[in-house]
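Chain naming here is simple, since letters A, B, ... match the order of the sequence lines and numbering starts at 1 in each.
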Protein chains: 2
Amino acid sequence: MNKKCIIRLLRYKNALHRLNTLGFVKIFSDNLADAVGVTATQVRKDFSLFGISGNKRGGYQIDALIEKLNGLMGKDELQEVVIVGGGNIGTALMKYKGFEKEGIKIVACFDIDPSKYQKKEKEVSVMALEELKDFVKARKIKIGIIAVPEIAAQQVLDHMLAAGIKGIVNFAPIRLRGSADCVINNVNLVLELETVIYFIVNGLNKMIGEIHEDQKS
Amino acid sequence: MNKKCIIRLLRYKNALHRLNTLGFVKIFSDNLADAVGVTATQVRKDFSLFGISGNKRGGYQIDALIEKLNGLMGKDELQEVVIVGGGNIGTALMKYKGFEKEGIKIVACFDIDPSKYQKKEKEVSVMALEELKDFVKARKIKIGIIAVPEIAAQQVLDHMLAAGIKGIVNFAPIRLRGSADCVINNVNLVLELETVIYFIVNGLNKMIGEIHEDQKS
DNA sequence: GATTTATAGTGAAAAAAATCACAAAAAAAC
DNA sequence: GTTTTTTTGTGATTTTTTTCACTATAAATC
Ligand SMILES: NC(=O)c1ccc[n+]([C@@H]2O[C@H](COP(=O)([O-])OP(=O)(O)OC[C@H]3O[C@@H](n4cnc5c(N)ncnc54)[C@H](O)[C@@H]3O)[C@@H](O)[C@H]2O)c1
Ligand SMILES: NC(=O)c1ccc[n+]([C@@H]2O[C@H](COP(=O)([O-])OP(=O)(O)OC[C@H]3O[C@@H](n4cnc5c(N)ncnc54)[C@H](O)[C@@H]3O)[C@@H](O)[C@H]2O)c1
């Protein structure tokens with residue numbers, strides 16, 4: 001079984017979700033491939049690896065496929081997520097409405113700057129960093145987002161680990177190290193831009209295909 | 001030459017930048033590997049592929065290395081970038097101070113919602129989408145960021161292509177297709193979270209290593 | 001109901017990427 | 001100034017990932 005395959009499965013699931021809400025009922029491997037940006041063979045191979053099967057000459061039933069993928073991906077229960085750092089990125093994430101439909105809920109944000117604290121109905125509360133540990137332990141939260149300046153990232157990671165967080169998306173432009181006990185996905189938005197710039201400046205538009213790669217550790 | 005290698009080179013560059021500002025002068029392949037999350041052999045192999053050499057038993061001179069990488073990456077001139085969509089993500093990016101030191105400058109934002117328009121000193125102006133084309137053409141801007149709702153993304157892409165944009169980072173959770181004439185880097189933040197959730201829910205913390213992969217097309 | 005056709009499924013082959021293993025060379029130690 | 005140590009550089013090898021080439025099968029057509 002292929003490591004990258006897992007990320008592709010998540011992509012398939014998201015694409016199928018979209019196609020489903022658009023009213024599609026059945027899909028062929030090449031449509032799905034197209035939506036996600038891979039080859040049809042790859043889609044079928046991935047499915048084959050995970051024991052997903054469709055109907056020969058009939059394609060795949062979208063709802064059954066989504067169900068199967070959700071099962072494989074363990075996306076049955078709503079995942080509660082906390083953010084540390086209520087600045088630009090943290091706020092953007094808090095305000096984003098698109099998480100819920102993927103079974104993700106941002107339940108709280110923690111900051112050290114008291115001017116950021118807020119407690120409103122309908123909005124995500126911003127609390128003192130000191131409250132993180134109790135909050136996370138009480139609600140058994142497993143996933144956290146780091147949206148603090150680079151300089152504070154390692155320290156925040158330590159707080160999160162102490163609180164029992166098991167998975168982190170880190171937006172600080174520094175590679176935080178995970179462990180057997182905690183997976184970290186380092187997302188570097190500047191790098192996303194730089195990558196594009198590289199291809200433009202060097203006229204490598206030809207080099208089409210999957211290119212970027214993040215790191216989980 | 002390896003495709004992923006290019007992204008690693010950008011990572012090396014960023015890490016070196018950081019180490020440099022921290023006062024380091026020279027570095028060994030294993031330090032750099034550590035900072036970026038790869039093996040020392042990989043670092044040397046990558047450098048070898050791009051004709052970068054250091055000093056046996058002496059490691060690499062950081063400033064010379066940065067210069068060489070900048071040369072290879074074509075990061076000599078300041079890159080001006082426009083955003084379309086002045087909402088949550090667009091605003092976060094506009095306010096972010098970390099681009100300039102990587103030679104990137106957000107010069108303007110375009111939106112269809114007049115309530116978002118603003119023209120202040122010191123801040124990035126938000127203008128009407130209709131002004132995009134002239135602005136981009138006049139300043140010969142090559143790079144754009146799409147930060148509009150999914151439903152509007154394809155249309156915005158068309159506007160950008162018409163304006164002459166050659167490279168795009170797209171935050172809408174839909175795969176926009178590039179062409180020989182335009183590179184698109186689709187960034188999906190929900191997927192970044194979902195990936196972490198997958199690893200936690202399935203107890204695959206063991207599966208340490210580089211995992212995530214974005215797409216440029 | 002036979003034939004054609006489109007599509008899934010998959011072992012085999014190819015391609016791509018990472019790692020290994022070791023030579024070369026520079027610095028350090030003696 | 002010789003030996004040891006440390007680190008780079010890279011061809012060879014291994015591993016991983018993708019693609020190919022083909023079979024099986026269900027639907028559509030005749
Ligand atoms: N905004 C962007 O578009 C953008 C782009 C690329 C990368 N990033 C990275 O994302 C991270 C956040 O960026 P931002 O623009 O939102 O920054 P920001 O300065 O707007 O927000 C950071 C927040 O973290 C809080 N904070 C600082 N130290 C803390 C600590 N120890 N514990 C808890 N909270 C703390 C601050 O009070 C502030 O509210 C940074 O590492 C940045 O480099 C941001
Ligand atoms: N905010 C997040 O944390 C987050 C997370 C994941 C993905 N995204 C994606 O990023 C994109 C932007 O998200 P957001 O939260 O910033 O949305 P938002 O609704 O806050 O902002 C969207 C902006 O785009 C403008 N807009 C709409 N149609 C437009 C058009 N045709 N031309 C120009 N401008 C137009 C709107 O006026 C608005 O200002 C969305 O596709 C979203 O799915 C955002």
>> For B:V196, is there any backbone N or O sitting under 3.5 Å from a side-chain donor or acceptor partner on A:N185?
In response: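 Pair absent, no side-chain N/O of A:N185 close to backbone of B:V196.
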> With sugar-phosphate meaning primed atoms plus P, OP1 and OP2, does A:G58 contact a base, only sugar-phosphate, or nothing at under 4.0 Å between heavy atoms?
Replying inline: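 No contact.
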> If you count the non-hydrogen atoms of other residues, nucleotides and ligands that lie under 6.0 Å from CG in B:L22, is the total more than 12?
Replying inline: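 Counting neighbours around CG of B:L22, more than 12 heavy atoms of other residues, nucleotides or ligands fall under 6.0 Å, so yes.
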>> Would you say CD of B:E150 has more than 12 non-hydrogen atoms from neighbouring residues, nucleotides or ligands within 6.0 angstrom?
In response: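 Above 12, so yes.
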May I ask you to verify if any side-chain N or O of [X] is less than 4.0 angstrom from the OP1 or OP2 atom of [N]?
X     : N      : answer
A:S48 : C:dT10 : yes
B:S29 : D:dT8  : yes
A:Q42 : D:dT17 : no
B:R8  : C:dA18 : yes
B:T39 : C:dT19 : yes
B:Y60 : D:dG9  : yes

Atom [atom1] of [X] to atom [atom2] of [N]: distance rounded to whole Å?
X     : N      : atom1 : atom2 : value
B:I27 : D:dT6  : CD1   : P     : 19 Å
A:D46 : C:dA8  : CG    : P     : 14 Å
B:Q61 : D:dT7  : CD    : C1'   : 15 Å
A:I6  : D:dT18 : CD1   : C1'   : 17 Å

> Closer to the 5' end of DNA chain C via nearest nucleotide, is it A:F28 or B:K26?
Replying inline: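 Closer to the 5' end of DNA chain C: A:F28.
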> Which sits closer to the 5' end of DNA chain C, A:T41 or B:N55, going by the nucleotide each is nearest to?
Replying inline: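 The 5'-side residue here is A:T41.
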> Under the side-chain contact (heavy atoms from CB on, under 4.5 Å) criterion, do A:V82 and A:V107 qualify, and how do the steps go?
Replying inline: CA-CA 6 Å; A:V82 294; A:V107 291; 4.0 Å; yes
>> Given the structure, check if the side chain of A:R44 and the base of C:dT7 hold any donor-acceptor pair shorter than 3.5 Å.
In response: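 It does not, because no donor-acceptor pair links the side chain of A:R44 to the base of C:dT7 below 3.5 Å.
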> Taking for each residue the nucleotide of DNA chain D bearing the nearest heavy atom, is the 5' side occupied by B:K56 or by A:K56?
Replying inline: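 Its nearest nucleotide being more 5', the pick is B:K56.
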